[in-house]
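The model shown is predicted, which means the values in this text are computed figures rather than measured ones.
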Amino acid sequence: MDRSDAKMRYNTQEPDGETSIQFLPASEPKPVKKDKRKTWVVVGVVIAAAIIAVVVGLLVWCFLKSMTVKKMYGGSMRITSETFQDAYEDPNSTEYQALAGRVVSQLASIYQNSPDTSKYYVGTSVEGFSEGSVLAYHLSEFNVPKGQEDTVDHAIGTASKIQSRMAGNTESLSFEDLTSSAVDSRMFQKKLTSKKKFILHAKGDTPQELTSPGFPNSTYPSNTIILWQLRADRGNIIKLNFDTFMLDDDCRKDFVRVYDSLVEDESCLLAEKCGHYAPTEPVTFFSSGNVMLLTLVTNDKHSYPGFRAYFSQVPISTRVCGTTLSGSNGNFNSPEYPNYYPPSVECLWNIQVPAGKYVKVRFLKFLLSELGHIGSDCQKDYVAIDGQKYCGEKKDVFVVINKSNMMKVLFHADKSLVDRGFLAEFEAFEPTNPCPDTFRCKNYRCIKPQLQCNGWNDCGDNSDEMNCKCNQTQISCKNGLCKSPIWKCDGVDDCGDGTDEMGCGTCQSGEVSCQNGKCISEKMKCDGQDNCGDGSDEQNCASVSVIPCTNFTYQCADQKCINKVNPECDGTPDCEDGSDEASCDCGRQLFRMSRIVGGQNSLEGEWPWQVSLHVNSGHVCGASLISDTWLVTAAHCVQDEDNLRLSQPGTWEVYLGLHDQNVKDIQRVVRKLLKNVIQHPNYNPYTYDFDIALMQLDSPVTFSQYIMPVCLPNPAHDFPVGKSVWVTGWGTTQEAGRLAQVLQKAEVRIINSTVCNQLMANQITSRMLCAGVLSGGVDACQGDSGGPLTSLDIGRRYFLAGVVSWGDGCARRNRPGIYTRVTQFRGWIKEKTGV
């Protein structure tokens, strides 16, 4: 059949059910009827393809999204073609919105015309305006591919180099000083489900209150960012003062940030704060201009009371920054010391003393270190004297001299990350006699002649202890230093050449020392065998394991012993039953302590377990809070004297949360009646052995940042020789002196018991602990008895190492303080109190 005979055929059904075939001529075609099932199949295929396309698109979008990073940049620009109007303070005003639109348009043009930013630019918002022509504060968002962040950062950073007016656009703004910096990612993290902003303007010179949401009746909200834009009148700066500050201790969770700006501009960040600060040391900041931004960011974990602050405006004209100083002596300090100095300041002091004399400047406090800034190049904030820059934090007093009667002292602070600053004094001195009637240290400090060669580093640079002839009681170091015998064999190299640690019965090379004094091969340590005989060679091994119980091992609640030293409350569960991390609501200093406090005054809330025991309305002894109802004190404090029935509960008044004996603070709790007084039955009033007693409150006390129990050590807790510990109390500041009004503190060091026994005429028993001061002249004294000797452990908690017991006078050389060793009485305390 050829092509011309080709036919189309289809099946039909006859009435009788038989099938017939018909042929239709090709020249006379008729419409073919479509099968509806095929139509639906086609539609289904199309829909399925569309769904697949959407799904694939979403997957691609999600993949691309996962490969990008959200970046925010905050900054400002000075608009020179506009004049500031009051309406620019109101985001809802027509004027504000019109100018904001022009700023957004112009920044969009800048970022969209840059090849390094155009593909990633999302948008810009204007966060506020302030005076200075007109300063516009902007926040821009970008979605940046991972790996391209540095390129975009660089492109944003160089945007300030563009022309101040966009060519060919007469509607564009004339501007200068365009700045942008990457915003900390915590400020816009996804989990922040709520954002609030408040705009506040200072009124006159009256401080206005500002609090976190809910303060003081409830905690602040979770997963929230709150911004307070603070303004002052032109010609003024902002002063922001926190008088109450209680946030999470971890700044990765909840934190406050203060900016010298109206937007989250990292280049203008003044400080980041978290934790608790005592009201006795308020945190105060100043702006460089008439605006400031305060931010609070919270997470979804624990919430805290928050803060209360006051902001006010201060005339710029009242700020004293640098001057001419003359005379024989005087003092000066960084702006606003001891508060944080303002940003962007430079102060010059021209010091001139009488002709023929030289200038000496002594820095008593020096705190110029910055958050996240490491290095000694002094490129940020510094003090410069004769071209030499000084920065960072100086723990000791340091002196700078100039061999003329004039000196220039320059203080420079850039626009971010401020600190407390410095306190200094100057004086004139004779070139030939810089320290009249005193000893001159190499660092030009002047000390009393009797302090030379006394075994103590009174100069701060050891120059008073060089080339000395040691007396028979002192340690004669090979390097020429003379040291107090207190430091013999304490595990600390006080000489600097190891002389004071020689001949201490230590083991030979290749051996380790056991707690019982035995020496074994270092290969035997942590081999799973008790080679020492006391189990101490199996302690502090790489891994925590269960070992046989000895006097030196920690026993868990399930009676199993582990080889880790001091495992309790260190944040890591080591016992199988987790008992080493139970009952750890103790020993915490909730307030962050400032570095500017001088002398021995403690801060309010610094030692929340410290108790003052009163008789007849006067302080008599100290004590330590160990639970909501029990106190630990010294047995000699509760001995009857004449008509004073000190052993009876009704004699005592108990003061908790006390800081100043003469101030009735609202946080102070007074209990007029004790329920019980228990002295140790073996107390010896002649030797002060077993010098410990317990007191029971008549009702439980509520814990707060001012009232908190100290942690009790387990019997095997190790307080190693040489460790720094703290003694606190309201005792006399010198022998036969007056009681202190403000709670005192002293850092002391645990002393080798053998050496201490030699110094104290063999009066030291195994129930006693010796501790002395690092530099001499400070010690526990009358009125401190019964108070705590506390040790800060790895878990950032304080443990009660000792109870102030007795001593030979107060703060005498070579006469350490003697404390009751609490670990020896842990079982007795638990038996009597259940704690």
Side-chain angles (χ1 to χ4, degrees), residues 325-333 349-368 383-410 422-471 473-484 487 494-497 499-500 598-600 734 773-778 811-814:
L325 302 172
S326 59
S328 297
N329 56 73
N331 53 69
F332 60 103
N333 53 262
W349 290 271
N350 289 297
I351 303 173
Q352 185 170 353
V353 299
K357 295 190 175 183
Y358 290 171
V359 183
K360 177 195 299 185
V361 170
R362 184 183 296 107
F363 288 94
L364 307 177
K365 297 292 179 183
F366 195 93
L367 301 166
L368 270 71
V383 169
I385 302 177
D386 295 334
Q388 176 65 46
K389 293 182 178 179
Y390 304 90
C391 61
E393 178 177 340
K394 311 294 184 184
K395 293 184 178 180
D396 298 316
V397 173
F398 75 99
V399 180
V400 180
I401 67 165
N402 195 7
K403 294 183 178 181
S404 75
N405 70 324
M406 293 184 291
M407 179 186 288
K408 293 182 181 295
V409 179
L410 174 69
F422 67 84
L423 174 65
E425 58 186 19
F426 75 92
E427 66 174 311
F429 68 92
E430 292 286 348
T432 57
N433 187 18
C435 292
D437 302 322
T438 57
F439 174 78
R440 194 201 83 180
C441 308
K442 283 189 176 180
N443 59 14
Y444 282 88
R445 291 181 68 178
C446 302
I447 64 171
K448 296 177 181 180
Q450 57 266 36
L451 297 181
Q452 187 182 7
C453 297
N454 65 354
W456 305 87
N457 180 16
D458 298 290
C459 281
D461 62 2
N462 264 326
S463 56
D464 56 316
E465 299 303 311
M466 296 294 185
N467 304 316
C468 296
K469 185 177 181 180
C470 305
N471 61 42
T473 65
Q474 292 177 316
I475 303 170
S476 181
C477 303
K478 292 180 180 179
N479 57 15
L481 296 178
C482 301
K483 289 294 179 181
S484 168
W487 310 138
D494 297 284
C495 283
D497 60 9
T499 307
D500 56 309
Q600 295 300 311
Q734 59 184 1
V773 298
L774 295 175
S775 57
V778 181
R812 293 181 182 178
R813 300 290 187 181
N814 300 336

Report summary line: Residues Ala428 and Val353: closest non-hydrogen pair is CB-CB, 3.6 Å
Query raised in the report: Does any N or O in the side chain of Lys360 come within less than 3.5 Å of the main-chain N or O of Tyr444, such that one atom is a donor and the other an acceptor?
Result: yes
**Report entry** Rounded distance [0.5 Å steps], CG in Asp458 versus CD1 in Ile447
**Finding:** 5.0 Å
Query raised in the report: What's the spacing between Lys483 NZ and Cys495 SG if we round to 0.5 Å?
Result: 7.0 Å
Query raised in the report: When rounded to the nearest 0.5 angstrom, what distance separates CG in Asp464 from NZ in Lys442?
Result: 11.0 Å
**Report entry** Under the ring pair (Phe, Tyr, Trp, His ring centres under 6.0 Å) test, residues paired with Phe439 that sit two or more places apart
**Finding:** none
Query raised in the report: Would Cys470 and Cys482 count as a disulfide bond (SG atoms under 2.5 Å apart) if you check the C-alpha gap in whole Å, the side-chain angles of each, and the deciding distance to 0.1 Å?
Result: CA-CA 5 Å; Cys470 305; Cys482 301; 2.0 Å; yes
Query raised in the report: Is a donor on one side and an acceptor on the other found under 3.5 Å between the side chain of Asn331 and the backbone of Ala424?
Result: no
Query raised in the report: Side chains of Asn405 and Lys357: is there a donor and an acceptor less than 3.5 Å apart?
Result: no
Query raised in the report: Among all residues two or more places apart in sequence or in another chain, which pass the ring pair (Phe, Tyr, Trp, His ring centres under 6.0 Å) test with Phe426?
Result: none
Query raised in the report: Are Val383 and Val409 close enough that some pair of their side-chain heavy atoms sits under 4.5 Å apart?
Result: yes
Query raised in the report: With sequence neighbours left out, what residues match Ser463 under side chain to side chain donor-acceptor pair (under 3.5 Å)?
Result: Asp461
Query raised in the report: Under 3.5 Å, is there a donor-acceptor pair between the side chain of Asn462 and the main chain of Glu465?
Result: no
Query raised in the report: Which residue pairs pass the side-chain hydrogen bond (donor to acceptor under 3.5 Å, both in side chains) test when at least one of the two sits in residues 423-434, sequence neighbours left out?
Result: Arg362-Glu425, Arg362-Glu427
**Report entry** Check: Ile351 and Met406 side chains under 4.5 Å, non-hydrogen atoms
**Finding:** no
**Report entry** Parallel, tilted or perpendicular: ring planes of Tyr358 versus Phe429, cut at 30 and 60 degrees
**Finding:** perpendicular
**Report entry** Min side-chain heavy-atom separation Asn402-Asp386 under 4.5 Å
**Finding:** yes
Query - Between NZ on residue Lys389 and CG on residue Leu410, distance to nearest 0.5 Å - result: 9.0 Å
Query raised in the report: Would a line drawn from the ring center of Tyr390 to the ring center of Phe366 be shorter than 6.0 Å?
Result: no
Report summary line: Nearest heavy-atom contact between Val399 and Asn443 is CB-O, 3.1 Å
Query - Flag, side chain of Arg445 to backbone of Cys459, donor-acceptor distance under 3.5 Å - result: yes
Query raised in the report: Looking at Val361 and Met407, what are the two nearest heavy atoms and their distance?
Result: CG2-SD, 3.4 Å
Query raised in the report: Who passes side chain to side chain donor-acceptor pair (under 3.5 Å) against Asp494, sequence neighbours left out?
Result: Arg749
Report task. Please report the C-alpha distance between Phe332 and Leu325 in whole Å, then the side-chain angles of each, then the deciding distance to 0.1 Å, and finally whether the side chain to side chain contact (heavy atoms under 4.5 Å, CB included) criterion is met. Result -> CA-CA 9 Å; Phe332 60 103; Leu325 302 172; 3.7 Å; yes
Requested in this report: Could you list the residues that satisfy side chain to side chain contact (heavy atoms under 4.5 Å, CB included) with Ser326, not counting sequence neighbours?
Outcome: none
Query raised in the report: Is there a side-chain contact between Leu481 and Met466, using heavy atoms and a 4.5 Å cut-off?
Result: yes
Report task. Decide yes or no on disulfide bond (SG atoms under 2.5 Å apart) for Cys468 and Cys453, but give the supporting numbers first. Result -> CA-CA 6 Å; Cys468 296; Cys453 297; 1.9 Å; yes
Query raised in the report: Got a donor-acceptor contact below 3.5 angstrom from the Asn350 side chain to the Lys408 backbone?
Result: no
